[in-house]
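This report refers to the structure that appears directly beneath it.
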Amino acid sequence: MTSKYLVVLAAAATTLASPNGGSIGAGVNGAGVTELFGNSFGVPGVNQTYDYIVIGGGTAGNAIAARLAQDPANYTVAVIEAGSFYEILSGNRTQVPGYNFLTAEPNFVTGGITSLTAISILSEPQAGYNNRRVGYTVGQTFGGGSAANYMGYFRPTIGSFDYWAEIVEDDYWNWENVYPAFKKSCDFTPPNYDKIDPSLNITYDTDAFDITGGPLQVSYGNFQGPFGPLLAEAMTRAGLDAIPGLNSGKLIGHGTATAAVDPRTATRSSSSTSFLQVGARTSNLKIYPNTLAQRIVFDEQKRASSVLVQGHMLSERFTYELFANKEIIVSGGVWQSPQLLMVSGVGPASTLESHGIEVVSDLAGVGQSEWDQPYMSLVYKVNVTTSSQIVAGNVEANAAAVEEYLTNQSGRLSGIGAGQSLGFEKFPAHTRDAVLSNSTRGWLASLPDDWPEAEYLPLESSPIPADIGPDDYYLLIGSALLATSSRGNMTIASADMNDRPIISPNWLLDKGDREQALAAFLRIREIAGNSTFVESEYIPGPEVTTNEEIVEWLRNNMVLIYHGSSTCKMGPVSDPLAVVDTRARVYGVSGLRVVDASAFPFHPPGQPMASVYMFAEKIAEAILEEE
Ligand SMILES: Cc1cc2nc3c(=O)[nH]c(=O)nc-3n(C[C@H](O)[C@H](O)[C@H](O)COP(=O)(O)OP(=O)(O)OC[C@H]3O[C@@H](n4cnc5c(N)ncnc54)[C@H](O)[C@@H]3O)c2cc1C
Ligand SMILES: *[C@@H]1O[C@H](CO)[C@@H](O)[C@H](O)[C@H]1NC(C)=O
Ligand SMILES: *[C@@H]1O[C@H](CO)[C@@H](O)[C@H](O)[C@H]1NC(C)=O
Ligand SMILES: *[C@@H]1O[C@H](CO)[C@@H](O)[C@H](O)[C@H]1NC(C)=O
Ligand SMILES: *[C@@H]1O[C@H](CO)[C@@H](O)[C@H](O)[C@H]1NC(C)=O
Ligand SMILES: *[C@@H]1O[C@H](CO)[C@@H](O)[C@H](O)[C@H]1NC(C)=O
Ligand SMILES: *[C@@H]1O[C@H](CO)[C@@H](O)[C@H](O)[C@H]1NC(C)=O
Ligand SMILES: *[C@@H]1O[C@H](CO)[C@@H](O)[C@H](O)[C@H]1NC(C)=O
Ligand SMILES: *[C@@H]1O[C@H](CO)[C@@H](O)[C@H](O)[C@H]1NC(C)=O
Ligand SMILES: *[C@@H]1O[C@H](CO)[C@@H](O)[C@H](O)[C@H]1NC(C)=O
């Protein structure tokens, strides 16, 4: 087997620089063998057969595709992705960690963005949010969410995975059995104090990584802000304890998060730069960019046998068919995986029938059970430097940051500006007594002991006032609610994958969730109030004071942190809303799995990306064991 080209830019760059010339995407390697960039790709419009077809080149999709393709059996694997490569389509925005705020924020309000690498699905009016509609960003590019997100990498808790195993009735998912899969997917680099201020002395859980892990790059980036230790001190004063890191199954307390950043280049490490690139170079993986899976086709025995896919010329669309010898894996993400199942005949029969879709498997749970994490941002004027001058477009600050980034791979742009002093807690007694009703406490008591209820996250690239001065700095301290009881849902608007699904995350729908939001808000004010670097509160500001005013402000201003899951949830046969079994196989059909955040039985506490990679590793192992 010839070693193939690095996908896309690396290929072009290598070829352009190669002494024997050649055009973009072609070269001759050291062994005299021709390497064609195009050989990593499927041919658009040509029907083809593969062993495995993965739908969605996102976070989970690229990871499972690479693992299947790298098996010594040399399976043929195709990855179908609606988008293309962000390195080409978004300038340098997606690659540079310090530009992460540019990819997501515009969606909060309008739901509309101009981007070739993401779409925004506007929610239904949300009653809990005073009937506002909020745009949910979905990375539509190789990398998916891992190419649209803030790159924070950390893992949920021991108790939450033991709980996962308990409710799905399979020890395959307990902590002891998932921890090795978390380690397997990533390659860790400790803080580099040639670039990061050594006085920050970042602690980390050394046993949480394996030297054999990879290909995802996990590090601290090459920049950490000076606010970190000061916020840590304030959190300690407010009652949160310092913990050594956020990757070994413990979250309650505060610590510094790792990030999916390759510290060698100081660029984003996505599932595309890691798993997809390695897979394309070393296996029979074929990539289909700009290709939308329209429908999964089932044979007489209800085996998923092929996928009808759509490519497009400049204005015309064309459809062709890719056949699977073995299995089809749906990795379309929290909204589009259930959408694709529904348009293919897997979902609630009445919904399918109302759109004229033939029912293959009547599964009431498709599109239900969604877990989400309602999110609030408070913003403080501070007297330490943050990214405010970069956000403000200060010409000197930006030029200096760009120069340092390009020449030394360091400085503000080389870090995510978000991972330091992340705090997690169960609300303390004084807050519970003040704002949580008995029924809310009852719900919270049903969750594992180590499951935090709120996460507190700083963000250096916060909103700033229009008249910001050249020496002014702001820091956002947000909170994501990790234990809300409202469940969201989605359904289809039509039988066509080109139409956006209808989504309703149901943020703060239950009264108890509004109590939790109030609790988190009050705790952020306590943390800020215990700090030595906060000068004043900019958002919402001192006029929002009484509990009633605060709840109203939250309902009018809270947004999302894009952590939806469980719309095709895993569960035992006895669970009427379960969509997949404990090996992610879709109930009622064969040859079909759902492998992404939509298949989680619930959203374990914290952020999802690390768990999505783990999930892909676990199901790849399950598939290869079954072979
Ligand atoms: C702005 C933002 C910030 C975030 N910040 C963080 C963070 O800091 N840390 C963290 O842990 N998590 C974060 N997340 C969440 C995390 O990124 C996601 O939970 C995770 O990436 C989801 O992975 P997935 O594999 O389930 O789906 P995705 O990564 O979304 O992959 C789905 C892929 O399928 C493709 N697709 C869908 N339908 C079709 C079709 N019919 N045909 C072909 N292709 C299709 C999509 O284009 C997409 O590429 C963030 C998310 C966003 C959007
Ligand atoms: C897979 O490919 C490798 C490299 O070409 C080859 O050595 C090996 O024999 C192949 N395995 C199978 C099962 O065909
Ligand atoms: C860094 O922190 C660790 C753990 O808190 C401590 O043992 C060590 O002395 C610190 N090192 C420096 C240089 O401050
Ligand atoms: C390719 O698949 C499409 C869609 O199923 C079908 O209409 C077409 O006839 C096939 N083309 C060939 C050459 O088999
Ligand atoms: C990113 O691209 C923009 C537009 O070309 C440029 O102005 C900026 O300097 C680049 N940033 C970095 C870090 O290279
Ligand atoms: C790059 O690093 C070197 C060595 O630490 C330092 O002297 C130089 O000023 C840095 N350059 C920039 C642009 O930050
Ligand atoms: C709340 O719960 C406590 C302890 O279970 C109980 O004593 C009290 O009566 C309850 N209050 C209300 C209003 O239900
Ligand atoms: C989604 O939830 C909302 C609020 O409970 C409900 O009104 C709506 O009917 C649900 N939609 C679907 C498709 O389940
Ligand atoms: C500091 O934190 C404590 C404990 O949470 C809290 O009671 C106190 O009100 C906080 N101080 C300020 C000024 O907010
Ligand atoms: C920062 O602000 C706080 C609160 O106003 C103040 O106590 C502290 O002295 C200030 N620090 C500096 C370095 O200005």
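Start at 1 and go down the list; that is how both ligands and their atoms are numbered. We're numbering straight along the sequence, starting at 1. Just so you know, these numbers come straight off a predicted model, no measurement behind them. Side-chain atoms are counted along with the backbone in the values below, which use heavy atoms only and exclude waters and symmetry mates.
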Original post:
Using a 4.0 angstrom limit on heavy atoms, which residues are close to ligand 9?
Top reply: Arg237, Ala238, His430, Arg523, Glu526, Gly529, Asn530
**OP:** Check whether any N or O atom of Glu321, backbone or side chain, sits under 3.5 Å from an N or O atom of ligand 4, and answer yes or no.
**Re:** yes
Original post:
Would the Tyr405 and Phe223 ring centres measure less than 6.0 Å apart?
Top reply: no
**OP:** Say whether Asp499 and Ser494, considering side chains only, have a donor N or O and an acceptor N or O under 3.5 Å apart.
**Re:** yes
Subject >> Any N or O of Thr319 closer than 3.5 Å to N or O of ligand 4 >> reply: no
Original post:
Is there at least one pair of N or O atoms, one from Asn383 and one from ligand 10, spaced under 3.5 Å apart?
Top reply: yes
**OP:** Taking salt bridge (Lys or Arg N to Asp or Glu O under 4.0 Å) as the test, write out the residues that go with Glu327, two or more places apart.
**Re:** Arg593
Original post:
Does any pair with a residue in residues 544-559 pass salt bridge (Lys or Arg N to Asp or Glu O under 4.0 Å), and if so which ones, sequence neighbours excluded?
Top reply: none
Original post:
For ligand 10, which atoms, with element, lie under 4.0 Å from some heavy atom of Val534?
Top reply: 4 (C), 5 (O)
Original post:
Mind checking whether Phe323 and Tyr50 have ring centres under 6.0 Å apart?
Top reply: no
Subject >> Between Glu233 and His254, a side-chain donor and acceptor under 3.5 Å >> reply: no
Original post:
If you measure from each heavy atom of Val384 to ligand 10, is any distance below 4.0 Å?
Top reply: no
Original post:
Looking only at side chains, do Thr319 and Gln294 share a donor and an acceptor under 3.5 Å apart?
Top reply: yes
Subject >> Partner set under side chain to side chain donor-acceptor pair (under 3.5 Å) for His355, not counting sequence neighbours >> reply: none
